[in-house]
Amino acid sequence: MEKDINELREIITTSNRVTVLTGAGISAESGLPTFRGADGIWRNHEVTDVATPQAFAGDPELVWEFYNWRRNLLSKVTFNDGHKALVKLENHVDDFTLITQNVDGLHREAGSKRLLEIHGNLWDVKCTQCGLLNLDRSQDMGRLPKCTKCEGLLRPNVVWFGESLDPDILGKAFDAARNCEVMLIVGTSGIVQPAASLSLHAKQGGAVVAEINLEKTPQSGHMNFVLTGKAGEILPMLVESLD
Ligand code: BJW
Ligand code: ZN
């Protein structure tokens, strides 16, 4: 793997257009559970019970209980060496885009600026009645939080299964995938669409695509590089010469 890391480092450090896609795996070393797998969030919660608009319509208290638990967990952790390595990379690349599926906000906290949060942000809430959007960093929003303007029920401003992603943000993500020279795919199981198709768009656009993950994924087959290990260890190695 050392040869692969050295080769990829050389490619990254001589590229002007780099795009990165991250998933829950990059935050695992901060202490946040991933979604799928042995210790994943979905082990205790069926996705259909907590991350669909139907679930929220049927049992908003259960859904808020899940998101309050996530808020509480998130308030106790911080970004890690993987997040920091991507800030360093951004500072050295002219045309850089970080696309994240994560709603934890840790990339922004670490200092990433050219960032697209395609599944929203856990700290943002939206009124289901008047659409008012607010940032609220409370660790516990209560059982059924209400809008200060119209008393309507608030919801987390995240993208649930069956909901559309923001078309402007998604458009920028596809542009960044199609136009890059290198794309890194970090800590994602690569099964949730449309994020999962971004690496194919990058490859079709002529980019070198590289996966960094603890294990192989359904995407590994079309990767130019598959680096198996922790994001918090591999990413710092890839950017170590950029000082
Ligand atoms: C490490 C590590 C370490 C661990 N270092 N690595 C086309 C075909 C088929 C289905 C669809 C389709 N288009 C749309 C769909 C339906 C659906 C979908 O994709 N379903 C699939 C499951 C098949 N998609 C949607 O509904 C999307 N909407 C949409 O497309 O609208 C239009 C439309 C609607 C309906 C039909 C057709 C079109 C919306 C998707 C929204 C996803 N929302 C969630 C919840 C967000 C809020 C919240 O957080 O609560 O987003 S679900 C969850 O999955 C979350 C994540 O962002 C997302 C991806 O998960 P991720 O990040 O990959 O995590 P894991 O746990 O799966 O993987 C972690 C990885 O890290 C593992 O590989 C580990 O090995 C690795 N790892 N430690 C490196 N230290
Ligand atoms: Zn309202």
Side-chain angles (χ1 to χ4, degrees), residues 20-37 39-56 60 62-80 82-83 86-87 97-128 131-141 145 153-170 172-173 176 185-196 198 231-232:
V20 181
L21 170 71
T22 62
I26 195 166
S27 297
E29 289 159 74
S30 292
L32 293 178
T34 59
F35 289 91
R36 298 161 188 88
D39 297 318
I41 295 179
W42 303 137
R43 202 179 52 141
N44 298 322
H45 289 90
E46 281 297 322
V47 54
T48 43
D49 290 344
V50 287
T52 65
Q54 292 79 6
F56 189 66
L62 174 78
V63 175
W64 266 115
E65 191 183 297
F66 173 67
Y67 282 96
N68 280 331
W69 171 71
R70 302 260 305 277
R71 279 173 171 254
N72 187 274
L73 209 60
L74 188 49
S75 66
K76 295 186 170 67
V77 305
T78 189
F79 54 84
N80 63 51
H83 297 101
L86 293 180
V87 177
T97 307
L98 172 54
I99 305 164
T100 188
Q101 299 169 85
N102 300 344
V103 300
D104 57 32
L106 292 182
H107 283 301
R108 198 173 297 281
E109 214 175 292
S112 290
K113 302 239 169 357
R114 289 176 268 174
L115 175 67
L116 301 171
E117 292 177 311
I118 60 173
H119 288 165
N121 192 297
L122 195 67
W123 300 118
D124 285 338
V125 289
K126 189 167 68 181
C127 176
T128 55
L132 185 73
L133 199 63
N134 251 322
L135 173 78
D136 190 326
R137 292 186 72 95
S138 312
Q139 284 178 36
D140 187 346
M141 296 291 295
L153 178 63
L154 295 178
R155 59 162 284 177
N157 189 36
V158 298
V159 182
W160 285 323
F161 281 115
E163 292 186 316
S164 298
L165 284 71
D166 180 307
D168 286 343
I169 298 177
L170 188 61
K172 285 183 185 151
I185 319 293
V186 186
T188 174
S189 54
I191 56 172
V192 175
Q193 298 291 352
L198 288 166

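Treat the numbers as computed from the prediction; the structure is a model and nothing was measured.
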Rounded at 0.5 Å granularity, tell me how far [atom1] in [X] sits from [atom2] in [Y].
{"X": "Gln54", "Y": "Asp49", "atom1": "CD", "atom2": "CG", "result": "12.0 Å"}
{"X": "Ile118", "Y": "Thr100", "atom1": "CD1", "atom2": "OG1", "result": "7.5 Å"}
{"X": "Leu98", "Y": "His107", "atom1": "CG", "atom2": "NE2", "result": "4.5 Å"}
{"X": "Phe56", "Y": "Thr128", "atom1": "CZ", "atom2": "OG1", "result": "6.0 Å"}
{"X": "Trp64", "Y": "Asp140", "atom1": "CH2", "atom2": "CG", "result": "9.5 Å"}
{"X": "Thr48", "Y": "Trp160", "atom1": "OG1", "atom2": "CH2", "result": "13.5 Å"}

Residues forming a side chain to side chain contact (heavy atoms under 4.5 Å, CB included) with [X], sequence neighbours excluded:
{"X": "Ser138", "value": "Arg71, Asp136, Met141"}
{"X": "Thr188", "value": "Leu21, Gln101, Ile185"}
{"X": "Leu73", "value": "Leu32, Pro33, Trp69"}

Is any side-chain heavy atom of [X] less than 4.5 Å from a side-chain heavy atom of [Y]?
{"X": "Asp124", "Y": "Val103", "value": "no"}
{"X": "Thr22", "Y": "Ile99", "value": "no"}
{"X": "Arg155", "Y": "Val63", "value": "no"}

Heavy-atom closest pair, residues [X] and [Y]:
{"X": "Leu153", "Y": "Pro60", "answer": "CD2-CB, 3.9 Å"}
{"X": "Asp166", "Y": "Asp168", "answer": "OD1-N, 2.8 Å"}
{"X": "Tyr67", "Y": "Leu122", "answer": "CD2-CD1, 3.3 Å"}
{"X": "Ala196", "Y": "Gly190", "answer": "CB-O, 3.4 Å"}
{"X": "Trp123", "Y": "Asp104", "answer": "NE1-O, 4.1 Å"}
{"X": "Leu106", "Y": "Ser30", "answer": "CD1-OG, 3.9 Å"}

query: Looking at Leu165, Asn102, Val158, Asn157, which hits side chain to side chain contact (heavy atoms under 4.5 Å, CB included) with His119?
result: Leu165
message: For Trp42, give me all partners under ring-ring contact (aromatic ring centres under 6.0 Å, His included), at least two apart in sequence or on another chain.
response: Phe35
- request: Sequence neighbours left out, what passes ring-ring contact (aromatic ring centres under 6.0 Å, His included) with His45? Give chain and number order.
  value: Phe66
- prompt: Is there any salt bridge (Lys or Arg N to Asp or Glu O under 4.0 Å) pair reaching into residues 107-118, and which pairs are they, with sequence neighbours excluded?
  reply: Glu90-Arg114, Arg108-Glu117
- request: Evaluate side chain to side chain donor-acceptor pair (under 3.5 Å) for Ser112 paired with His83, printing each intermediate quantity in order.
  value: CA-CA 8 Å; Ser112 290; His83 297 101; over 6 Å; no
query: Are there more than 12 heavy atoms of other residues, nucleotides or ligands under 6.0 Å from atom CD of Glu163?
result: yes
